[in-house]
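A short write-up of the structure that comes next.
One-based numbering, in listed order, for ligands and for the atoms of each.
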Amino acid sequence: MNEFYQLDVNKVYDYVQQELNFFHEDADIECSEIGDGNLNLVFRVKDKKHNKSVIVKQSLPYVRCVGEDWPLSIGRSEIESKLLEIEYKLTNGKVPEVYKFDKVMYSTIMEDLTDYVIMRTGLLEYNQYPKFVDQITDFIVNTLILTSDVVMEHKEKKAYVKEFINPQLCEITEDLVYSEPFFDAKRNNTPDYMISFMEKNVWNDKALILEVTKLKFDFMNNAQALLHGDLHTGSIFINQDNIKVIDPEFAFYGPIAYDIGALIANLIMNYLSTDVRCNDTELKNKHMTYLLDTIKDVMDVFRDKCIKIWPEVVKDNMVLRSPDFAKYYIDDIFVNTAGVAGCEMIRRTVGLAHVADLDGIEDETKREEARKLNVLLAKEFIMKRNEILEGKDFVNLIKNFCGKNKFSIEKECS
Ligand code: SR1
Ligand code: MG
């Protein structure tokens, strides 16, 4: 077949066999469409008899969650499969193994992660993952620091910058994360009761808009490292032993803080969600403490690992001569991580694409409280980001701000 056609559950088994001859002749096949993301089709093809399965992910020429009115280049799947192959090597297999990328069908056939759950789902069920901090910080250091100018030969790095130019997907982020949530944009998904709240606290706050604009320009102009580009808890498969990071179709050369900030923001939203959803006080305290420890440790262990590998990996001739450069470089990542986290929290509350952590709060009043608290806390992260240089600074801001403001938000929403 050398023409693109859209896969469905009836066609996908024949497609896999034609491309890879993966299944036994006597296989007992079951195909399902399991994609719950915003952009693509995702199929699981499983041989129940021999317990073998693959995932087939196909790009559609439009944004799935919106429809054909929003066209999108299917070439994004090539970026995704290339990045998965690079990250597979850099991280010793912390992403799914790609079996084949098909440039005609814009589909990737890859490893099925049967023993894992999406981290967002696991956290919403109050599960804890003791190996997560160590594994995600290895992932971040190996995919980001090792693809930066600190380490890579500069012409090779620039060749990567060119190869991973991803204008359409970057535009989605520029619009959906850094622009539209900060005014009353048509594509926003803003609950009615949030409109006047947003006008008062965000849309008319000129100082905030200036800081978000600075962060947007950092996103667009700081070709620092080869990012995943959408590293939230819905892009991480997890279990008690391992993680596998999925869905890097937003990959491009951008600021390291963009990946880390997305992750931290989604942990914070789970924290706020747990506070209003969980009725078992002991479990609630345990899970919220776990989340704060995780946020703190991700940041501090990231810093420690950077400092540790720095002397072994640095190649740039000026960085080698400047012992203080590592601290300057990592401090800048921390500050911008706080800023990115704030933008991600606001866009997941009022922008086009929300998260289950907030939308899934069943009690309407509590959902409103959590959304409002999330926006106000996000503002603090953006406006006070220059003071956030250690893991404990993230945690103290969350604890102090929520402690002080929870009561007045509860009163406002009741
Ligand atoms: C139209 S795409 C909306 C969002 O889904 C992806 O997962 C990205 O986070 C993007 O911003
Ligand atoms: Mg995704």
Return the name of the atom in D247, of element N, O or S, nearest to the Mg ion (ligand 2).
-> OD2
Taking only residues two or more places apart in sequence or in another chain, which ones pass ring pair (Phe, Tyr, Trp, His ring centres under 6.0 Å) with W310?
-> Y329
K296 charged N/C atom sitting above F394 aromatic ring, 6.0 Å / 45° | no
Is it true that K406 and D275 have a side-chain N and a carboxylate O under 4.0 angstrom from each other?
-> yes
State which residues pass side-chain hydrogen bond (donor to acceptor under 3.5 Å, both in side chains) with R44; sequence neighbours excluded, sorted by chain then number.
-> D112
Could you go through ligand 1 and list every pair where one of its N or O atoms sits under 3.5 Å from a protein N or O, giving the atom names and the distance to one decimal?
| residue | atom | partner | partner atom | Å |
| --- | --- | --- | --- | --- |
| ligand 1 | 5 (O) | N38 | ND2 | 2.7 |
| ligand 1 | 7 (O) | D230 | OD2 | 2.7 |
| ligand 1 | 9 (O) | D230 | OD1 | 2.8 |
| ligand 1 | 9 (O) | D230 | OD2 | 3.2 |
| ligand 1 | 9 (O) | R347 | NH2 | 3.0 |
| ligand 1 | 9 (O) | R348 | NH2 | 3.3 |
| ligand 1 | 11 (O) | R347 | NH1 | 2.8 |
| ligand 1 | 11 (O) | R347 | NH2 | 3.4 |

Contacts of F407 meeting ring pair (Phe, Tyr, Trp, His ring centres under 6.0 Å) (sequence neighbours excluded), chain-then-number -> none
What do you reckon, is CZ of F22 surrounded by more than 12 foreign heavy atoms closer than 6.0 Å?
-> yes
